[in-house]
Amino acid sequence: MNNNEWLNDLRRKMEDLTEDVPDGLWDAIRNELFVEDKTENSIPIVMSDDLKAKDIAVSTIHYKPVLYRICGVAAVLAVFFIVGKLFVFNDKKEFVNYSHIKENSPQITFPVQKSDENAFEEEMVLKRNNPDNLRHNFVVKNLNNSPNKTELKKDLESQKSNREENQKQYVHTKSQQHNENTELQPIETETYELLTKEEREQKQKLKENEKIKLAKNKNKKSWAVGLLTGNTSSSSTEQFPGYATLNGATLSLPEMWSSGYEDNPLMAILIANQDKKVDAKIKHKTPVTFGASVSKRIGKKWSVGTGVNYTKLSAELTSGSGSNFISSEQNIHYVGIPVQVNYTILQKGAFTGYITGGGLIEKAVSGDIKTKYIVDGILKEESKEEISEKPVQISVNTAAGLQLKVIKNIGIYAEPGVSYHFKDNSSLQTIYKEKPLNFNLKLGVRLIID
Amino acid sequence: MKENKEQILVSRLLQKEEAAWKELFGVYSGGLSYVCSRYIINKEDVHDVLQNSFIQMFRSIDSFEYRGSGSLKAWITRIVVTESLKHIKKNPDFKKVSEDFEIADDQNDEDPNLEEISQPTIMMMIRSLPDGYRTVFNLYVFEKKSHKEIAEMLGIAENSSASQFHRAKAMLAQKIKEYKMSKTAHYE
């Protein structure tokens, strides 16, 4: 290869040249290699120390970097659950609600079992003696009076089967509260594991793993896989006089009177409240959203994403007054597919600021309404009804997001934003219907694979 | 035996001392940017590849063995080349280019004379070569890799590497020739 000689000249000529270093390269490298220690530390500071948990985490992690990574993700997720709880003041209201029921419930269980046993039995007998046809009559009448009363009908029908559940009610409400407490427990321990990231060695291993992943990925574009959980920042309370059902229909007394069966807990409530001011109150709890998302980078600043979201909408209806009321709880579960476009505005250190906009199509996959009848502070009946209506809910949203890189490929983000929910043409009473324009906060974890 | 500057820097790098890494960056980033730019055209990609390279260095500095003066530079350059190739391989167009290019074989019998051409001009010419050609050419000429090694690194056949190199060389020679002609034409 005689004419390769000029290539040697070329090499000699072109050796040891320099080129302009890309802007901000050192900053980027420094952020990757040195700054992240600080950001990692800043998160655990919020949490109180639990050295035991930390020690355990450290020893496990030495040998199981993969497990460690999973724990890391879980921990970050957990942080957001906690932070999310802090953000959503309305959760406190939920507690208030429970305790409200609890106040009544001591009267519920114990009197029934002891002093009021006779009365209770009497009523049972009465009901057995008044078999279905009576109830049936009632139902028919209701149907004739107003087509809106279908829900009421269902409630009444299911009353029969639920008698023995009455006594469990107190335990149930209490355990609900208990659950909330225990739920916090594992979250806390997971969070402590995050502390271990201070360990530089661990971090190295972690990075190596990320790197392997990075190397395996042959795509030019970057993909980000994320998990999110969000809360719209407000719940809503609606109050109007009279009785109401969760599908929006208002019950009025005269209609009820026409049925005239006093063994019915609903009737009992109506009778007890006949000379009182009666209010129906619908309280929509803050929607909770969980999701997993994939986003693809298109260009340096833009990315598009999609994924799967799960949203639970819950609402509570209290109809009646004082110690005589109907309490219904509606839970609707939505599964949705979001489509988002993100634009990066600024990148400073481990922080990335961006704006995002997109749409979300959600379909209700299941829903139910639990109804409790409380007469004179005593839980008389409880029924559960499946919601057969499965509306599709379409919404658009926009948000400004801030992402913080915790470790190389994992970022946590917060996206306060606004969403608008279009009418879904269903009779379901949801927070979206009441307040189509909602402020919300989505929190989540994003895994970025280069 | 007294340690030289390079060895001292290495030992500080091993401590993962931020100042040491900054020094490494300060001393070598220009040269590395140059090496990287030979392979990668897009500026932002160069940034990303270099960033990954430094992270890779940081991570694997433990495995670096000092073998005399210049070995640190050789090592970090190797990392940049490896990272650049990794990036190039992500590009699906990378192999495609090699097949559809026709070039007259050995049209110039005499070696191109490089003397009167500035380095940036040559650099520009190298960078204007199609991805596949450029990669093979760079590896062969600047990294002094054999076609067998190149084939292994890029996951292509050995004769494919040879033919790509051959074409790249011819193309570059042609570019130089054209450049010279245009230049002389300009002066006349």
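Chain letters run A, B, ... following the sequence lines, proteins first, then strands; residues in each count from 1.
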Segment of A:D20 engaging chain B (4.5 angstrom heavy-atom cut-off): backbone
So how far is it from [X] [atom1] to [Y] [atom2], rounded to the nearest 0.5 Å?
X     : Y      : atom1 : atom2 : result
A:R30 : B:F54  : CZ    : CZ    : 14.5 Å
B:E18 : A:L33  : CD    : CG    : 9.0 Å
B:F58 : A:I29  : CZ    : CD1   : 11.5 Å
A:L10 : B:K169 : CG    : NZ    : 12.0 Å

Using a cut-off of under 4.5 Å for heavy-atom pairs, which of B:V141, B:I126, B:I117, B:L50 has the most such pairs with chain A? B:V141
Mind ranking B:W21, B:Y34, B:F137 by heavy-atom pairs under 4.5 Å with chain A and telling me who comes out on top? B:Y34
Kindly give the heavy-atom pair with the smallest separation between A:E32 and B:Q51, and that separation in Å. CG-NE2, 3.2 Å
Looking only at non-hydrogen atoms, find the nearest pair between B:F142 and A:M14 and report the distance. CE2-CB, 3.6 Å
Atom CZ of A:R12: over 12 foreign heavy atoms under 6.0 Å: yes
Around atom CG of B:D62, are there more than 12 heavy atoms of other residues, nucleotides or ligands at under 6.0 Å? yes
Return the option, out of A:D9, A:L17, A:V21, with the maximum number of heavy-atom pairs under 4.5 Å with chain B. A:L17
Residues 23-33 of chain B side chain polar contacts: donor-acceptor under 3.5 Å, at least two apart:
from: B:E23; atom 1: OE1; to: B:R12; atom 2: NH1; distance (Å): 2.9
from: B:S29; atom 1: OG; to: B:F25; atom 2: O; distance (Å): 2.7
from: B:S33; atom 1: OG; to: B:S29; atom 2: O; distance (Å): 2.7

Within the distance-only criterion (no hydrogens, no angle test), does the side chain of B:Q119 pair as donor or acceptor with the backbone N or O of A:K13 below 3.5 angstrom? yes
Quick one: what part of B:K22 sits under 4.5 Å from any heavy atom of chain A, side chain, backbone, both or neither? both
What part of B:E143 is in contact with chain A, defined as an atom under 4.5 angstrom from a non-hydrogen atom: side chain, backbone, both or neither? neither
Name each donor-acceptor pair under 3.5 Å that joins a side chain in residues 343-355 of chain A to protein atoms two or more places apart or in another chain, with its distance.
from: A:T344; atom 1: OG1; to: A:K301; atom 2: O; distance (Å): 3.2
from: A:Y354; atom 1: OH; to: A:E415; atom 2: OE2; distance (Å): 2.8
from: A:Y354; atom 1: OH; to: A:R446; atom 2: NH1; distance (Å): 3.3

